[in-house]
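Have a look at the structure below before the remarks.
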Amino acid sequence: MALPRLLWLALVAVACVATATVHASSPVASSRGGPPAAVVLRGGAAPTQQRRRRKKKARRPPPPPSASDRLRTALSGVAEGASSLYSAVEARARAAATPAEEEEYEEDELAAEGGDGSAEAEEEEEEEEEWEEEEEEEEEAPATPPPRRADSRLASQRAAARRTVAARNAAAAAQAQAQAQAAAAEEDAPEMSMSEKGAFLGSVAFSPVGVPGLVVGGALGFAAGYFAEQVDAAREHVARAYATRVQRERRVESERANTRKALEALETVSVQSDDPEEAARTSADLTAFLCAPCNTRCADCSARIKRPADAWVSTSLGVVVCVNCAAAHRSLGTSVSRIKSPVYDQWDVPMATALLAKGNDRGAADYYATPPARMPGPKAPMEERRAHVREKYVRLRWATPELRAARQETLAKRPRKAAGARRMASLSSDAA
């Protein structure tokens, strides 16, 4: 409905007219003006009548109306103009209305004058029920002689009363339907925006100044309303963005927690066995073996191993190394060193028991009987690591004499390969 905006424009126009009328009709008199100068006669003092006239002329004019009086007059003019405009709009609507709508208007007026007729409607319904019961009793009663004139008059009165009650019920139903339609129309009516409300309030506030005040007040009110609308829109945008960000951060945090739990489940050391008790006991022993102080350092470069998942074990040599030295051990081949992970690879009870009998302490005693002049550090290049592990585990450069003699006997028992045949180094520890 465009009625609120039309009414607003009409109110502004009426305020303009009322303000202009008030300013035009307000008496303007200078309070500084004094009585005219006394005329002094030549013969001396003025007569008594002339003095009285001078006193009458010297009375000051009434003061001009104050700003509050002008504002009260302007607002009364605005109210009268609004009421006249509403009456005109209503008269125009009734003139263009159909007969059915005119009946609805008349019913609305009657309802407004008489108030709520719910009690009267209930009484009429009770009377109608009583009449229906009497008719049913008359129908059930045996045939009687033809009614007299009094009975016919009573029947006609009852029929007229029934028609009146039916007409009133129809009018009440039409009135309820009209009220429901009016409520639905009010709900569907567009609400004034903040800028429109601000323009209206500003024009009303500055209306005592006149037409320029109406224009300036409307502009200032519109600007203030527009600024408030923009602030509300920005606040809603920031709130939505913040809610979206919070939801995204919560989702990412839950995903991280799930990933952390999955990694913690993968970092456990487990040994497979048909006996669950033996498997659990061996797994606990292997975990304690990896957490021992001597096995938390790499046997070749002394790099620190923080957790069992970072450790790599040479099952054939019985030493614990880091991931970089494990790559260097793989270059030696599985005949010299077989590398396995205590977490990501499968372990059985015999393999774990053989590893528990060794360790980095025993490996250092066997392969570092004569301490080398130089050892690779945690940041040593891969070529230096490979050369060091080859000198240490293949050529046994710093090993004990007993270990060297045992290695010579083992090599002597192996059959010699044909000339020209070369064995290619394996890239995997699982290759035979």
How would you list, by chain and number, every residue that makes a salt bridge (charged side-chain N to carboxylate O under 4.0 Å, His left out) with [X], sequence neighbours excluded?
| X | value |
| --- | --- |
| Arg297 | none |
| Glu402 | none |
| Arg245 | Glu249 |

Looking at side-chain heavy atoms only, is the closest gap between [X] and [Y] below 4.5 Å?
| X | Y | value |
| --- | --- | --- |
| Trp312 | Val320 | no |
| Gln272 | Asp348 | no |
| Arg386 | Cys325 | no |
| Cys322 | Cys301 | yes |
| Leu286 | Leu355 | yes |
| Leu290 | Val313 | yes |
| Arg390 | Leu332 | yes |

Is the [atom1] atom of [X] crowded by more than 12 outside heavy atoms at less than 6.0 Å?
| X | atom1 | value |
| --- | --- | --- |
| Asp274 | CG | no |
| Arg362 | CZ | no |
| Glu255 | CD | yes |

For the [atom1] atom of [X] and the [atom2] atom of [Y], what is their distance to the nearest 0.5 Å?
| X | Y | atom1 | atom2 | value |
| --- | --- | --- | --- | --- |
| Asn295 | Asn360 | CG | CG | 4.5 Å |
| Arg330 | Ser314 | CZ | OG | 10.5 Å |
| Thr315 | Ile339 | OG1 | CD1 | 7.5 Å |
| Met375 | Ser302 | CE | OG | 5.0 Å |
| Asn324 | Lys379 | CG | NZ | 12.0 Å |

message: Show every salt bridge (Lys or Arg N to Asp or Glu O under 4.0 Å) that has at least one partner inside residues 222-237, sequence neighbours left out.
response: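 Qualifying pairs: none.
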task: Would you list the pairs meeting salt bridge (Lys or Arg N to Asp or Glu O under 4.0 Å) in which at least one residue belongs to residues 300-317, sequence neighbours left out?
output: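 Those involving residues 300-317 are Glu267-Arg307, Asp300-Lys392, Arg307-Asp310.
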Do you know which two heavy atoms are closest between [X] and [Y], and how far apart they sit?
| X | Y | answer |
| --- | --- | --- |
| Val349 | Ser273 | CG2-CB, 3.7 Å |
| Ser203 | Phe200 | OG-O, 2.7 Å |
| Ala327 | Met382 | CB-CE, 4.1 Å |
| Pro342 | Pro308 | CG-O, 3.7 Å |
| Ala399 | Leu403 | CB-CD2, 3.9 Å |
| Ala369 | Thr400 | CB-CG2, 3.4 Å |

Kindly write out the residues that satisfy side-chain hydrogen bond (donor to acceptor under 3.5 Å, both in side chains) with [X], not counting sequence neighbours, or none if the list is empty.
| X | value |
| --- | --- |
| Glu253 | none |
| Ser195 | Ser193 |
| Thr282 | none |
| Gln408 | none |

message: Between Arg404 (side chain only) and Leu396 (backbone N and O only), is there a donor and an acceptor less than 3.5 Å apart?
response: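 Checking the backbone N and O of Leu396 against the side chain of Arg404, a donor-acceptor pair under 3.5 Å is found.
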Residue pairs, two or more places apart or on separate chains, that pass ring pair (Phe, Tyr, Trp, His ring centres under 6.0 Å) and touch [range]:
| range | result |
| --- | --- |
| residues 282-307 | none |
| residues 212-262 | none |
| residues 385-408 | His329-Tyr393, Tyr367-Tyr393, His388-Trp398 |

message: The test is side chain to side chain contact (heavy atoms under 4.5 Å, CB included); show your working for Lys340 and Met351 and say whether it passes.
response: CA-CA 11 Å; Lys340 290 179 71 68; Met351 189 184 302; 3.5 Å; yes
field: Test log, rule side chain to side chain contact (heavy atoms under 4.5 Å, CB included), inputs Lys358 and Val319
entry: CA-CA 7 Å; Lys358 300 178 183 179; Val319 293; over 6 Å; no
field: Intermediate values then yes/no, side chain to side chain contact (heavy atoms under 4.5 Å, CB included), Arg407 and Arg395
entry: CA-CA 9 Å; Arg407 177 64 61 83; Arg395 298 179 181 177; over 6 Å; no
Side-chain donor-acceptor contact under 3.5 Å, Ser270 with Ser283: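 No, no side-chain donor-acceptor pair sits under 3.5 Å.
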